[in-house]
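Here the structure is a predicted model, which means the values were calculated and not measured. One-based numbering along the sequence shown. Atoms within each ligand, like the ligands themselves, are counted from 1 in listed order.
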Amino acid sequence: MASSFLLLLFHLFLVRHLPLSAANLRETTSFFRSQLISEPPSAVTTPTIFFEVTKPIPLPETKPCSYLALQHDFAYTYGKPPVLAEYNPASHCSFPRKPAKIILEWTAACRGRQFDRIFGVWLGGVEILRSCTAEPRATGIVWTVKKDVTRYYSLLMSNQTLAVYLGNIVDSTYTGVYHVNVTFHYYPSEGNYVASGAGSNNLDDSGAGLILPISRNLPLNDGLWFEIENSKDSKGAEFKIPPNVYKAVLEVYVSFHEDDEFWFGNYPNEYIYANNLTGVAGNGPFREVVVSLDGSIVGAIWPFTVIYTGGVNPLLWRPITGIGSFDLPSYDIEITPFLGTILDGKDHNFTFRVTNALNVWYIDANLHLWLDKRSQKTRGKLLEHSSSPLTLSLFSNFTGFDGSFVTNVSRSIVSSGWVESSHGVITTKSLQELGYSNFMSLGNEGDLQILHQVINLNNSIDTILSSAFHLSAISFKKFGLHLHSDSMDIGNGTYVSVANVTLAIEEKEEETSASASSSSRLKNVQNGQGYMLVKGNIVVSGLGSTQQEYHFIGDESCYFRNVSSSNYTILHDEQRDSCGYDKRWTFPAQ
Ligand SMILES: *[C@@H]1O[C@H](CO)[C@@H](O)[C@H](O)[C@H]1NC(C)=O
Ligand SMILES: *[C@@H]1O[C@H](CO)[C@@H](O)[C@H](O)[C@H]1NC(C)=O
Ligand SMILES: *[C@@H]1O[C@H](CO)[C@@H](O)[C@H](O)[C@H]1NC(C)=O
Ligand SMILES: *[C@@H]1O[C@H](CO)[C@@H](O)[C@H](O)[C@H]1NC(C)=O
Ligand SMILES: *[C@@H]1O[C@H](CO)[C@@H](O)[C@H](O)[C@H]1NC(C)=O
Ligand SMILES: *[C@@H]1O[C@H](CO)[C@@H](O)[C@H](O)[C@H]1NC(C)=O
Ligand SMILES: *[C@@H]1O[C@H](CO)[C@@H](O)[C@H](O)[C@H]1NC(C)=O
Ligand SMILES: *[C@@H]1O[C@H](CO)[C@@H](O)[C@H](O)[C@H]1NC(C)=O
Ligand SMILES: *[C@@H]1O[C@H](CO)[C@@H](O)[C@H](O)[C@H]1NC(C)=O
Ligand SMILES: *[C@@H]1O[C@H](CO)[C@@H](O)[C@H](O)[C@H]1NC(C)=O
Ligand SMILES: *[C@@H]1O[C@H](CO)[C@@H](O)[C@H](O)[C@H]1NC(C)=O
């Protein structure tokens with residue numbers, strides 16, 4: 001029982017030491033092994049470059065203007081206010097034409113011993129990046145995250161306050177200071193450069209004219225996100241929209257920590273009660289972020305299982321980091337059908353809660369609003385709105401510490417409404433269908449944990465102006481997780497762990513209208529195998545090996561990468577960006 005992978009929680013913030021003795025494992029107040037870091041002996045003298053596999057951002061062939069907006073050394077920053085910088089783009093770059101692309105580049109260097117730290121970057125209170133730091137080595141590491149932030153265009157063109165919260169702790173043991181540069185690159189448009197895909201809706205081409213933060217207010221000492229601490233907790237903020245909005249999308253940023261860092265492997269409560277366990281993370285393995293507008297549910301987010309750089313076995317993520325760990329996904333919820341109810345010039349609110357939550361979830365959101373340039377006032381009406389209650393089934397079969405559990409959940413949310421603007425009367429219909437299945441098996445007196453989890457997300461958004469203008473955007477997403485984790489306490493505060501993990505994202509997106517259509521497919525699969533000997537919270541020895549295959553097929557670009565590493569060394573790395581190759585795989589892969 002002492003050492004399923006749940007014990008390997010790498011708490012991001014608090015330095016806690018919870019020594020376990022083999023004699024009283026089952027009575028101990030906590031099974032968590034907090035704060036694992038590793039520093040294997042190494043002959044390397046140059047910094048190791050860490051990276052996340054993702055496709056290159058398509059860029060116009062123009063010369064960018066680059067602006068280093070923040071340079072900071074994050075030493076003892078835990079619990080301090082975010083680091084602020086003035087963002088004055090026009091003082092550093094001139095914009096004779098509207099930039100076609102704006103790229104945020106985060107570059108950081110670190111040396112020594114340090115944990116993984118979650119951080120956020122906000123511009124004018126609007127979150128533009130949620131990420132996790134890489135864990136350094138004695139010989140130093142560097143890494144770069146590039147993100148296409150063009151969707152925040154309306155914010156990026158004016159003076160703002162740039163804020164970064166990265167809670168780091170530096171002392172004689174944890175010596176790593178993160179040296180960080182945040183740079184913006186503005187790419188002017190080419191004469192013939194098309195900023196968006198073939199099927200793009202001409203109504204959207206100007207982008208959101210206004211982005212309202214749904215985040216905590218300055219000044220803060222612990223980030224601008226809300227902290228959701230349990231399943232009853234509900235946090236949110238009021239907002240008011242201008243009178244001429246014709247389209248609205250809520251973008252939600254989510255990350256999970258401490259007792260919910262590995263929510264997908266949390267034990268069902270009946271198992272915890274039956275075994276008299278205390279201090280273990282429970283509430284079962286299902287979580288969803290529920291988004292409400294004025295108290296009624298408008299969206300549900302079933303997040304991708306991002307594993308941070310200290311998670312499961314820190315050696316797995318060096319130098320190829322886990323999917324999403326350097327650039328956590330954000331999740332969009334269509335709000336246009338509800339405009340009729342919020343275009344009244346009054347205050348409204350968005351609130352967030354997390355089904356089954358344990359401490360702690362960091363959540364905030366950005367409300368992207370498209371403004372009608374040719375009218376002072378738009379109006380609308382909600383036609384249909386229903387959110388099916390969650391259907392959750394739990395099958396469990398266990399004796400003592402061993403057994404198996406199946407958790408299946410589904411939900412759907414439908415909304416439709418019309419908005420009248422200078423574009424005409426447009427009806428928007430949004431459908432979210434979510435499916436979840438988690439199989440958990442526990443063996444070897446609870447030391448062995450096997451997880452298979454699949455989340456299916458089907459979204460469609462229909463935009464109907466007339467029979468001649470009907471745009472349909474459909475997306476299918478599948479998030480997969482497989483984890484096999486076995487460990488053994490060998491006494492004296494030491495244990496061995498063997499863990500194999502698979503993370504997978506598959507996506508298919510299609511946009512069709514009477515005049516055009518576009519589609520893209522992504523399959524991104526990562527496999528890792530690791531073992532380690534852990535004493536206290538230090539990985540004394542071990543090995544991590546990772547293989548990743550990334551396939552993207554779009555109408556205009558394709559990308560393939562096949563890369564593997566072991567013991568910090570890249571073994572194989574193959575990349576292609578031509579489209580003429582492997583179109584064999586289909587979605588969804590079984
Ligand atoms: C990993 O590489 C280091 C040298 O960089 C070597 O000393 C160590 O033995 C290797 N570990 C394994 C398990 O192969
Ligand atoms: C933006 O900031 C710069 C530098 O502080 C200042 O010179 C400029 O006047 C500001 N622009 C606006 C529109 O406030
Ligand atoms: C940050 O930028 C400065 C100035 O260009 C450069 O000297 C430094 O090496 C950069 N740091 C990182 C981590 O890239
Ligand atoms: C749990 O505790 C209760 C009350 O102390 C005891 O009767 C029961 O046997 C214990 N069960 C296990 C599995 O230890
Ligand atoms: C949000 O609105 C709902 C319904 O009007 C209300 O019950 C709730 O207290 C409000 N929450 C916040 C944080 O303002
Ligand atoms: C429960 O698990 C036991 C032991 O693995 C097995 O023999 C039994 O068939 C299982 N029962 C059900 C209903 O699956
Ligand atoms: C849960 O869902 C899976 C996958 O859809 C299915 O194979 C399984 O039979 C379901 N199990 C239960 C107990 O509902
Ligand atoms: C999503 O769509 C696929 C293909 O139509 C279907 O097989 C699957 O059951 C759907 N999933 C959900 C959660 O609705
Ligand atoms: C336990 O650890 C202590 C301190 O690291 C060491 O002195 C002792 O020899 C170890 N005992 C065993 C049985 O390994
Ligand atoms: C874990 O991966 C290693 C290396 O590929 C393999 O030898 C081992 O069988 C795997 N274990 C499990 C339980 O999948
Ligand atoms: C990826 O590379 C591995 C060798 O490292 C190879 O076995 C595998 O077939 C490759 N996958 C594809 C799709 O090319």
- Query: Is any N or O atom of S564, backbone or side chain, closer than 3.5 Å to an N or O atom of ligand 11?
  - Reply: no
- Centroid-to-centroid, W361 to F226, below 6.0 Å? no
- D447 backbone acceptor or donor facing N444 side chain under 3.5 Å: no
- Query: For atom 4 (C) of ligand 7, what is the nearest protein heavy atom, given as residue, atom name and distance?
  - Reply: S437 OG, 3.8 Å
- Item | Identity and distance of the protein heavy atom lying nearest atom 2 (O) of ligand 7 | N408 ND2, 2.4 Å
- Note on the structure: Candidates Q547, Q548, R561, H572; heavy atom nearest atom 5 (O) of ligand 11 found on H572
- Measure from NZ or CZ of K55 to the centre of the six-membered ring of F552 and say whether it is under 6.0 Å with the direction within 45° of the ring axis. yes
- Query: Do Y152 and E127 have side-chain N/O donor and acceptor atoms under 3.5 Å apart?
  - Reply: no
- Are the side chain of H482 and the backbone of L451 linked by a donor-acceptor contact shorter than 3.5 Å? yes
- Message: Please tell me if atom 14 (O) of ligand 7 is touched by the protein, where touching means a protein heavy-atom distance below 4.0 Å.
- Response: yes
- Message: To the nearest 0.5 Å, what is the distance between CG on L448 and CG on D486?
- Response: 4.5 Å
- Does the protein place any heavy atom closer than 4.0 Å to atom 11 (N) of ligand 7? yes
- Query: Nearest protein heavy atom to atom 7 (O) of ligand 5: under 4.0 Å?
  - Reply: no
- Task: Just need the protein heavy atom nearest to atom 1 (C) of ligand 5, so name the residue and atom and give the distance.
- Result: N349 ND2, 1.4 Å
- Query: Which is it for E549 and ligand 11 at heavy atoms under 4.0 Å: side chain, backbone, both or neither?
  - Reply: side chain
- In terms of its nearest heavy atom to atom 3 (C) of ligand 11, the top option of V525, V563, N562 is N562
- Can you tell me if N283 and W263 form a side-chain donor-acceptor pair at under 3.5 Å? no
- Message: Given 3.5 Å as the limit, does a donor-acceptor pair link the side chain of R151 with the main chain of H368, or not?
- Response: no
- Y550, portion touching ligand 11 at heavy-atom distance under 4.0 Å: neither
